[in-house]
Amino acid sequence: MVKIRTLAILQESLDRELSWRIHELSFLRRQIMGAKDIAESAYIRAGISMLYAHWEGFIKKSASYYLEYVNFKKAKFSVAADTFAYLAVKRDIDELSKTRDHVFGLRVYRDIIKKMISDEPLLFSTEVDTGSNLNGKRFLSILSATGVSESKYEPYFNLIDEALLARRNEIAHGQFLPVERDSFLETYDDVIMLMRWFKTDVENCASTDSYLQKEA
């Protein structure tokens, strides 16, 4: 597996990750457009499941690639953007929230304070947890973790939750769910758009060093 060490490698990895998914989804879309009756219904149901799988897979992979890229940059705590500094001390914060030992808690707290103003390099997990249900709330968490602005995505959270995830869950649990072709195609176009947006935003974040604090 290629390690994400440079901007060029990050961009190439994102390109590949999106390309094969679009290719597969486009094939399925063509099958739907040429089908009728029961075949159309079956393809649409399969299409919803496949569309969700690629939505979750692409967002998860892309976010992980970017976090790996930022990790390799070894930005110092003292100049890192808040979201990445938080990722680097998240384990400490989790320990702090669980402990009832004041001595231990105070030591962890002091360690966190020292780190936040130090020249120690960031190091955090690049694992992205979607919970196998990438709804609007979880997607918002990923946007926050990567430093991508949520403003243009927010109007689509309901689409993610209802038109994509809820339908996928019903189909995955063996429920019969009739979906009109036009409704599927609208969801398809919107999800592809969101994936392309996220790819572009991740690339822009990397190329502009947005993992660092903005100059006052």
Between [X] and [Y], what is the shortest heavy-atom contact and its length?
X	Y	result
Ala63	Ile142	CB-CG2, 3.7 Å
Asn71	Leu123	OD1-CA, 3.4 Å
Ile44	Arg181	CD1-CA, 3.7 Å

Is a side-chain N or O of [X] found less than 3.5 angstrom from the main chain of [Y], in a donor-acceptor match?
X	Y	value
Ser118	Lys115	yes
Thr99	Glu95	no
Asp129	Gly131	yes
Ser64	Glu127	no
Arg138	Asn133	yes
Asn135	Ile160	no

Practice task
Give a yes-or-no answer on whether the side chains of Thr208 and Ser210 include a donor-acceptor pair shorter than 3.5 Å.
Solution key: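 Distance-only check fails for Thr208 and Ser210.
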Practice task
Before accepting this row, confirm whether a basic side-chain N of the pair Arg107/Asp111 lies closer than 4.0 Å to the acidic partner's carboxylate O.
Solution key: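 Answer for the salt bridge query: no.
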Handout entry: salt_bridge(Asp15, Lys199) N-O dist < 4.0 Å
Key =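 Salt bridge present between Asp15 and Lys199.
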Handout entry: Within 6.0 Å of NZ in Lys152, more than 12 heavy atoms from elsewhere
Key =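 More than 12 heavy atoms, drawn from other residues, nucleotides or ligands, come within 6.0 Å of this atom.
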Practice task
Would you please classify the geometry between the Phe184 ring and the Tyr188 ring as parallel, tilted or perpendicular, with 30° and 60° separating the classes?
Solution key: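 Answer is tilted, since the angle falls between 30° and 60°.
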Practice task
Please find out if less than 6.0 Å separates the ring center of Phe198 from that of Trp55.
Solution key: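 When the ring centroids of Phe198 and Trp55 are compared, they turn out to be at least 6.0 Å apart.
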